[in-house]
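In what follows, a single structure is set out as structure tokens and then discussed.
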Amino acid sequence: MTNMLKSFFKTLTLSTPSIYSVAYKQNKSKLRHLTAVFFGSGVVLYSLQKNEARMANINSKSHNFMAEPITSWDVLSSREDDMKTKMELFIMKVQADFCRSLEAEEESDKKFIVDRWERKVGGGGITCILQDGQTYEKAGVNISVVHGTLPASAVQQMRARGKKFRSDKLPFYAAGVSSVIHPRNPMVPTVHFNYRYFEVTDDDGSTQWWFGGGTDLTPYYLNEADVVHFHRTLKEACDKHDDSYYPKFKKWCDDYFFITHRGERRGVGGIFFDDIDLPAQNKVFEFVKSCANAVIPSYVPLVKKHKNDGYGYHERQWQLLRRGRYVEFNLIYDRGTKFGLATPEARYESILMSLPLTARWEYMHAPEPGTEEAKLMEVLRNPKDWVKI
């Protein structure tokens, strides 16, 4: 039988159809057996070729990533159509694209430091930090891909938001990209964005999934044209999918980024949403992609426009005071920060990358009426419909 197989595969180096026909005439019963072997081998070869094609497809997407993905290439290629793979590859691309667009606005050769880290109990992340640049005092762009078992406190938070779980110990998977940019020039606003995907498996084997995210702007001095541009860019991204999204998620953003004890918003808003699982997984993913892809066109033009604007000591001190408000919100109210700090084996350096290098607090500070600082405070207390201006 071995010699017969060798002879058969040796003939395959010639024109296969003609050999196939000759072999069939020479020995019909043997050929039937060999054909089965051949087609069985063919299935294996096809499977190998298909896996290689998938691997090549995924590798081609990774060419410009800041580092290797957190999940191994073998796993990613084996589940190419799984949302976990789609989201991880997408956030890797968002991170790389945004980092390089920011680097292009630095006046020197300042580049992001790339820190790829692993989480002992599952997953890891890539933290990209640029500090003490001429354009950016501190810029952070992170991705994380983590999995494990949710702590009871996190399960309780999710139940408070309406999630229904049978068990108190839930396996989870979370992948997201987040960024906060603190520019040096007070005339350049700070931007924050975060887009994430979450899966939880209950004890009956059922899986619940949802997306969340948003992009918001925090200026130190109000330039209405900048804010209009920012909001219109986000609205265009939302309108591609549903024209009800922007007004709904704009209000959600204004409400979410409210510093309750100060009675003011952190900034001039943008969009924010969470727990989105309708109309369908791939459709929500496409919406999230549109929003994340709108970050660069909504923000980088503002950096280009103002990074060389003049400012003095007074403007710098006001910037530091407003950064203090930013810190207050992030440490007291931000749901993502609190979830991250409560997650076992959390990487605190990456979670707290949103904090600026420097900030300031003054006792009972209030801007003088009629000043540019007072003008900003007015819109922080009373949000505007920016797309109608």
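Side chains are part of it too, since the values below use all heavy atoms of this structure and drop only hydrogens, waters and symmetry mates. Bear in mind the structure is a predicted one, so any value in this text is a computation, not a measurement.
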Give the intermediate values and the outcome of side-chain contact (heavy atoms from CB on, under 4.5 Å) for residues Trp386 and Lys235.
CA-CA 10 Å; Trp386 296 103; Lys235 183 179 185 299; over 6 Å; no
Are Tyr311 and His306 close enough that a side-chain donor and a side-chain acceptor fall under 3.5 Å?
no
Are there more than 12 heavy atoms of other residues, nucleotides or ligands under 6.0 Å from atom CD of Glu362?
yes
If you look at every heavy atom in Arg119 and Val146, which pair is closest and at what distance?
CD-CG1, 3.8 Å
Minimum side-chain heavy-atom gap Val227-Leu222 below 4.5 Å:
yes
Point-to-point distance, once rounded to the nearest 0.5 Å, from OG of Ser244 to CG of Asp239:
9.5 Å
For Glu88 and Thr71: C-alpha separation, side-chain torsions, deciding distance, then whether side-chain hydrogen bond (donor to acceptor under 3.5 Å, both in side chains) applies.
CA-CA 8 Å; Glu88 181 169 353; Thr71 305; 2.5 Å; yes
Using only atom types and a distance under 3.5 Å, with no angle test, would you say the side chain of His192 pairs donor to acceptor with the backbone of Ser354?
no
Treating Ile, Leu, Val, Met, Phe, Trp and Tyr as nodes and any side-chain heavy-atom pair under 4.5 angstrom as an edge, say whether Leu355 and Phe257 lie in one connected cluster.
no
Is there a donor-acceptor pair under 3.5 Å between the side chain of Ser290 and the backbone N or O of Glu286?
yes
Does Val387 reach the side chain of Asp385, with side-chain heavy atoms less than 4.5 Å apart?
yes
Does some side-chain heavy atom of Val191 sit less than 4.5 Å from a side-chain heavy atom of Ser179?
no
Thr215 vs Tyr195, test: side-chain hydrogen bond (donor to acceptor under 3.5 Å, both in side chains). Steps then yes/no.
CA-CA 9 Å; Thr215 306; Tyr195 291 97; 2.6 Å; yes
How long is the span from the CD atom in Glu264 to the CZ atom in Arg381, to the nearest 0.5 Å?
6.0 Å
Closest heavy-atom pair, Asn142 versus Ser350, reported as atoms and distance to 0.1 Å, is ND2-O, 3.0 Å
side-chain contact (heavy atoms from CB on, under 4.5 Å) evaluation trace for Leu380 with Arg325
CA-CA 12 Å; Leu380 298 185; Arg325 300 294 197 267; over 6 Å; no
Check: Asp204 main-chain N/O paired with Asp202 side-chain donor or acceptor under 3.5 Å
no
Aromatic ring centroids of Tyr326 and His182 under 6.0 Å?
yes
Consider only side-chain heavy atoms of I, L, V, M, F, W and Y, link residues closer than 4.5 Å, and tell whether Leu217 and Val180 are in one cluster.
no
Between Glu349 and Thr127, a side-chain donor and acceptor under 3.5 Å:
no
Mark yes when over 12 heavy atoms from residues, nucleotides or ligands other than Lys111 sit less than 6.0 Å from its NZ; otherwise mark no.
yes
Identify which one of Phe272, Tyr256, Phe273 satisfies the ring-ring contact (aromatic ring centres under 6.0 Å, His included) criterion when paired with Phe249.
Phe273
Is Gln95 reaching over with its side chain to a backbone N or O of Val141, donor-acceptor style, under 3.5 angstrom?
yes
Group every Ile, Leu, Val, Met, Phe, Trp and Tyr by side-chain heavy-atom contacts under 4.5 Å, then state whether Ile91 and Ile351 land in the same group.
no
On a heavy-atom basis, the closest approach of Leu234 and Gly270 is CD1-CA, 3.8 Å
When Glu315, Arg322, Gln319, Glu373 are each screened for side chain to side chain donor-acceptor pair (under 3.5 Å) with Tyr221, the one that passes is Glu373
Any donor and acceptor pair, going by atom type alone, linking the side chain of Arg116 with main-chain N or O of Pro69 inside 3.5 Å?
yes
Taking the side chain as every heavy atom from C-beta outward, state whether Leu102 and Glu106 have any atom pair closer than 4.5 Å.
no
Arg265 and Asp216 ion-paired at < 4.0 Å:
no
Do Ile259 and Val379 belong to the same hydrophobic cluster, where Ile, Leu, Val, Met, Phe, Trp and Tyr are linked whenever their side-chain heavy atoms lie under 4.5 Å apart, directly or via other members?
yes
Please tell me whether Thr233 and Tyr299 have a donor and an acceptor in their side chains that are separated by less than 3.5 angstrom.
no
Geometric class of the Trp209/Phe211 ring pair [parallel <30°, tilted 30-60°, perpendicular >60°]
perpendicular
Is there a donor-acceptor contact under 3.5 Å from the side chain of Ser77 to the main chain of Trp73?
yes
Nearest-0.5 Å distance, NZ of residue Lys251 to OH of residue Tyr246
13.5 Å
Quick one: does any side-chain atom of Tyr173 pair with a main-chain N or O of Lys84 as donor and acceptor, under 3.5 Å?
yes
Run the numbers on Phe65 and Ile126 for side-chain contact (heavy atoms from CB on, under 4.5 Å), then give the verdict.
CA-CA 10 Å; Phe65 291 168; Ile126 301 165; over 6 Å; no
Any side-chain heavy-atom pair of His231 and Ile271 under 4.5 Å:
no
Return yes if some donor-acceptor pair links the side-chain N/O of Arg323 with the main-chain N/O of Thr358 below 3.5 Å, else return no.
yes
Closest non-hydrogen atom pair, Ala237 against Ala294:
CB-CB, 3.9 Å
Mutual orientation of the aromatic rings belonging to His241 and Phe287 [parallel < 30°, tilted 30-60°, perpendicular > 60°]:
perpendicular
At their closest point, which heavy atom of Pro279 faces which heavy atom of Lys283, and how far apart are they?
CG-CD, 3.8 Å
Within the 4.5 Å heavy-atom criterion, are Trp318 and His365 side-chain neighbours or not?
yes
Partner set under salt bridge (charged side-chain N to carboxylate O under 4.0 Å, His left out) for Asp274, not counting sequence neighbours:
Arg196, Arg335
Check: Glu328 main-chain N/O paired with Arg262 side-chain donor or acceptor under 3.5 Å:
no
Distance from Cys238 atom SG to Lys248 atom NZ, nearest 0.5 Å?
10.0 Å
Got a donor-acceptor contact below 3.5 angstrom from the Asn185 side chain to the Asp309 backbone?
yes
For the residue pair Val284 and Ile276, what are the closest heavy atoms and their distance?
CG1-CG2, 3.7 Å
Got a salt bridge between Asp254 and Lys250, using NZ or NE/NH1/NH2 to carboxylate O under 4.0 Å?
yes
Counting only heavy atoms from other residues, nucleotides and ligands, does the tally under 6.0 Å from CD of Gln317 exceed 12?
yes
Can Asp74 and Ser72 be counted as having a side-chain donor-acceptor contact under 3.5 angstrom?
no
Kindly assign one of parallel, tilted or perpendicular to the pair Trp210 and Phe198, based on the angle between their ring planes and the thresholds 30° and 60°.
parallel
Between Asp97 and Ile296, does a side-chain contact (heavy atoms from CB on, under 4.5 Å) hold up when you go through it step by step?
CA-CA 8 Å; Asp97 290 348; Ile296 292 174; 4.1 Å; yes
Kindly compute the distance separating CE (Met83) from OG1 (Thr207), expressed to the nearest 0.5 Å.
13.5 Å
What do you reckon, is NZ of Lys305 surrounded by more than 12 foreign heavy atoms closer than 6.0 Å?
yes
Would a 4.5 Å heavy-atom cut-off, applied to side chains only, mark Gln208 and Leu170 as touching?
no
Same cluster (ILVMFWY, side-chain, under 4.5 Å), Trp361 and Ile332
no
